[in-house]
J.: 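So that we are looking at the same thing, I have put the structure below in structure tokens.
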Protein chains: 2
Amino acid sequence: MLTKSSTELVRQQNSALVLASLRRHGPLAHTDISQHTGLASATVSAITAELEKADVLERREQQASASRGRPRVIFGQRRGAGYLVTVRISSDIVQYSLADYAGTLIDRFEEARNHADTSTRPFAEAFVAALEKLVSRSRIERGQVLVVSISSKGLVDPALARLVWSPVFGAQQVDFAALLEPHWRAKILLSNETLLVAHAMALRMEKAGVKNLQAVAALSLGHSIGLGIARFDRSGELSVTAPNFGHMLNSSDGKLCRCGSQGCIEASAGFYGILRTAFEVPPDTIPAKFVPLAEMDKIALRARQGHRMSEYAFRQAGLALGQGLSRMVSLYENMPIAITGPGTRYFDLIQRGLEEGLAQSQQVRLLGAPPISVVPEEATLVLEGHFARALAEMDHDIIAARTDGD
Amino acid sequence: MLTKSSTELVRQQNSALVLASLRRHGPLAHTDISQHTGLASATVSAITAELEKADVLERREQQASASRGRPRVIFGQRRGAGYLVTVRISSDIVQYSLADYAGTLIDRFEEARNHADTSTRPFAEAFVAALEKLVSRSRIERGQVLVVSISSKGLVDPALARLVWSPVFGAQQVDFAALLEPHWRAKILLSNETLLVAHAMALRMEKAGVKNLQAVAALSLGHSIGLGIARFDRSGELSVTAPNFGHMLNSSDGKLCRCGSQGCIEASAGFYGILRTAFEVPPDTIPAKFVPLAEMDKIALRARQGHRMSEYAFRQAGLALGQGLSRMVSLYENMPIAITGPGTRYFDLIQRGLEEGLAQSQQVRLLGAPPISVVPEEATLVLEGHFARALAEMDHDIIAARTDGD
DNA sequence: ATTTATTTTCTCGACTGTCGAGAAAAAAGT
DNA sequence: ACTTTTTTCTCGACAGTCGAGAAAATAAAT
């Protein structure tokens with residue numbers, strides 16, 4: 001159902017527009033805001049005045065005025081207007097970060113994960129304690145943290161902030177909302193890691209001035225395989241999803257996946273899948289859950305030296321990925337694909353198979369293969385996505401609160 | 001990029017809301033409009049008055065007033081405010097319809113297709129002539145036709161109104177916009193047929209009061225395989241797409257598809273694919289382009305009587321469909337699936353394989369199989385979709401024109 | 001030191017829109 | 001004829017955007 005509009009909503013939308021343009025371009029003067037948003041100067045005045053009174057924006061010192069004329073007043077997000085916490089859960093570590101409303105990092109630390117421990121209880125306790133440590137170390141009230149943004153690989157229920165299935169905990173669900181509910185007023189965002197990568201890539205490409213950008217996909221290669229899709233919807237907003245790509249059915253080849261199904265993409269293209277093929281382990285057995293990168297490097301070295309089975313394993317991985325991506329573009333549309341993750345270091349070995357797999361579908365033959373780029377620093381992208389999403393969420397919440405607040 | 005908002009846009013949105021609620025519920029009185037839209041009574045007055053003056057709405061005779069009190073004034077779309085033409089291109093016939101702005105059918109006829117003729121030229125000429133016939137027979141000016149909505153199976157470029165790939169013309173593209181450009185001012189909409197089915201199903205389910213409806217998929221079974229996905233986006237608007245599902249890669253089994261690729265879903269589940277398997281024709285040959293329904297009925301009969309290879313052919317078709325659908329829900333989300341088309345009459349033979357294919361993916365095992373319903377009358381759904389989309393388009397255009405028109 | 005030019009921000013009135021309340025209209029019941 | 005009931009219509013208050021021009025604040029020129 002469509003919803004009704006009103007003059008108040010107009011203000012809300014335009015306020016959001018102002019905040020968004022400050023996010024995109026950094027602190028700006030009145031004139032620039034007007035230009036970037038298309039709003040009339042008078043409107044910008046009204047909005048900035050209101051946001052300034054609400055302690056959301058603050059005036060920044062302008063740099064030595066190069067030109068003559070009345071000096072510009074630079075507006076920027078007020079640092080103390082709120083804080084955000086990001087939690088990046090990866091296979092071996094958990095990284096906690098604290099940042100302010102302007103997006104500047106305040107504190108960050110990592111904690112090692114205990115692989116042997118597959119139950120969620122100790123993890124949950126460590127998680128709550130780490131958050132406590134984060135705020136107390138920086139002398140921030142829990143109440144000032146407006147958003148906690150958590151990311152993990154696996155299948156996520158974003159609405160309920162519940163981890164449905166993850167490589168680490170399997171089907172043991174983790175309910176983050178319930179964990180923080182009692183003591184934290186912050187909004188909990190739980191995102192698939194590769195979703196954040198896709199989000200960050202979309203923003204990067206938009207900033208780089210890519211024309212007619214409709215959608216971007218991110219593919220993460222590692223122990224597990226992740227896919228994120230970011231699409232600009234009709235209203236120009238970015239809507240991102242993390243499909244269950246790694247465990248999408250690839251082929252009825254009987255390769256057992258650690259999820260319990262057979263023939264998942266990950267069973268061919270995840271690290272353990274590559275290792276299994278390279279060592280000719282029977283496809284119905286699952287090798288060690290976590291394959292050390294050094295081990296993968298060894299296989300890659302052999303493959304590059306011409307060892308047949310190792311080469312074959314990587315090519316099969318590429319094939320599974322290419323076929324999966326061909327299905328993705330068949331079901332969505334052609335879009336640029338960014339490949340990240342530790343697996344990118346084997347891209348030379350994967351590429352041929354990947355292209356072969358892509359070329360097998362009509363969509364690709366008709367409209368050409370999607371442009372593929374390799375962006376190794378996954379962690380950076382994940383953090384970029386965390387910040388972008390959390391700050392946008394804060395902006396929206398603050399604006400929404402303003403209206404019905406007083 | 002977000003776009004700025006203004007008071008005029010508010011009026012536009014709310015006018016659209018009023019027109020949409022009239023579409024959904026039929027002619028309504030002031031009070032009902034206010035209730036359905038959530039707009040204040042005064043606002044409804046302002047909007048209806050404006051639309052009435054613009055000859056978009058008209059007052060209808062109210063039925064014998066059952067209750068006392070001031071009699072209601074019923075508003076409805078004015079029939080003559082514009083006309084729409086729908087063209088349904090199927091494998092054997094082309095159906096042309098003419099309807100008015102209120103959505104009532106004025107004229108309809110069908111023309112047989114010549115199968116032997118695979119060039120687009122004669123088709124294009126017949127198409128233009130049929131449209132001419134449609135308006136002249138009903139004494140309507142070409143200029144009064146505001147939308148021509150065309151549907152076909154195959155791959156479509158909705159933005160350019162160009163048929164990119166179709167079962168009939170293959171890669172020979174048909175540019176409908178160019179065909180009508182010189183003489184028609186109407187907006188040309190070109191949609192994949194199953195996209196319209198998905199749209200219609202979404203509206204039906206919404207009307208039936210299904211709760212938490214996020215998305216609906218329609219799967220059309222016949223000579224070719226089509227899929228439409230309708231999703232309600234954040235703003236509550238319905239956005240529908242027609243992925244290239246029939247030619248999505250299913251399996252590297254070498255089955256040649258008529259599109260030239262190998263292993264397409266259609267190569268297993270299209271009528272010719274089923275026939276090929278049933279008759280044990282080598283998978284690298286393509287049987288007759290159009291398999292008569294009578295022929296398929298015969299195979300189905302044999303299958304139901306226990307003939308192994310026929311049974312197997314249908315089960316393989318189901319398997320390919322089920323695996324494809326499992327990929328669809330992996331890449332999108334779980335959603336109700338409506339199956340239509342002539343192939344539904346063999347659903348009993350397909351079902352087992354379909355369920356088997358679906359169950360092979362983690363997504364389905366984790367979140368359950370999507371609810372599947374069978375809705376045989378495909379043509380009805382296509383027309384429903386045509387009308388819904390064309391009328392919505394007209395509503396939007398009329399409202400948009402109002403603002404910058406005077 | 002004062003004036004002028006320039007650039008930016010701020011302010012005012014006109015306009016468009018929504019909303020709530022209550023007046024006006026129009027029919028049925030008494 | 002009067003009352004009741006239901007619905008539509010109208011009015012004034014309020015919220016928002018916009019264009020134009022006033023005001024502010026600085027550098028350059030005199």
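Here is how names work: the chains are called A, B, and so on, in the same order as the sequence lines, proteins then strands, and each is numbered from 1.
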J.: Kindly list each side-chain donor-acceptor pair under 3.5 angstrom involving residues 386-393 of chain A, sequence neighbours excluded, with atom names and distances?
T.:
| from | atom 1 | to | atom 2 | distance (Å) |
| --- | --- | --- | --- | --- |
| A/His386 | ND1 | A/Ser149 | OG | 2.7 |
| A/His386 | NE2 | A/Ser151 | OG | 2.9 |
| A/Glu393 | OE2 | A/Lys187 | NZ | 2.8 |

J.: OP1 or OP2 of C/dT18 less than 4.0 angstrom from a side-chain nitrogen or oxygen of B/Asn14, does that happen here?
T.: yes
J.: Holding to side-chain hydrogen bond (donor to acceptor under 3.5 Å, both in side chains), I want the full list of residues that pass it with A/Arg231, two or more places apart in sequence or in another chain.
T.: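 Scan of A/Arg231 (side-chain hydrogen bond (donor to acceptor under 3.5 Å, both in side chains), adjacent residues dropped) gives A/Glu333.
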J.: Kindly state each residue pair satisfying salt bridge (Lys or Arg N to Asp or Glu O under 4.0 Å) with at least one member in residues 35-46 of chain A, sequence neighbours excluded.
T.: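 Non-adjacent pairs meeting salt bridge (Lys or Arg N to Asp or Glu O under 4.0 Å): zero.
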J.: Suppose we screen for side-chain hydrogen bond (donor to acceptor under 3.5 Å, both in side chains). Which residues come up paired with B/Arg78, at least two apart in sequence or across chains?
T.: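 With sequence neighbours excluded, B/Arg78 shows a side-chain hydrogen bond (donor to acceptor under 3.5 Å, both in side chains) to no residue whatsoever.
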J.: Quick one: CD1 on A/Ile47 to CG on A/Asn14, what's the gap to the nearest 0.5 Å?
T.: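 The distance works out to 5.0 Å.
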J.: Return the angle between end axes of the helix from C/dA1-D/dT30 to C/dT30-D/dA1, with five pairs used per end and rounding to 10°.
T.: 30°
J.: Under the side-chain hydrogen bond (donor to acceptor under 3.5 Å, both in side chains) rule, collect the residues that match up with B/Arg79, sequence neighbours excluded.
T.: B/Thr104
J.: In the 5'-to-3' direction, what one-character label does each nucleotide of nucleotides 4-11 of chain D receive under the scheme B = base within less than 4.0 Å of a protein heavy atom, S = sugar-phosphate only, - = no such atom?
T.: BBBBBBB-
J.: Once ring-ring contact (aromatic ring centres under 6.0 Å, His included) is applied, do any residues pair with B/Tyr101, and if so which ones, sequence neighbours excluded?
T.: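 Scan of B/Tyr101 (ring-ring contact (aromatic ring centres under 6.0 Å, His included), adjacent residues dropped) gives none.
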J.: Give a yes/no answer on whether the side chain of A/Thr43 brings an N or O atom under 4.0 Å of OP1 or OP2 in D/dC18.
T.: yes
J.: Please identify each residue that fulfils salt bridge (Lys or Arg N to Asp or Glu O under 4.0 Å) with B/Arg60, with sequence neighbours left out.
T.: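 Applying salt bridge (Lys or Arg N to Asp or Glu O under 4.0 Å) to B/Arg60 gives B/Glu58.
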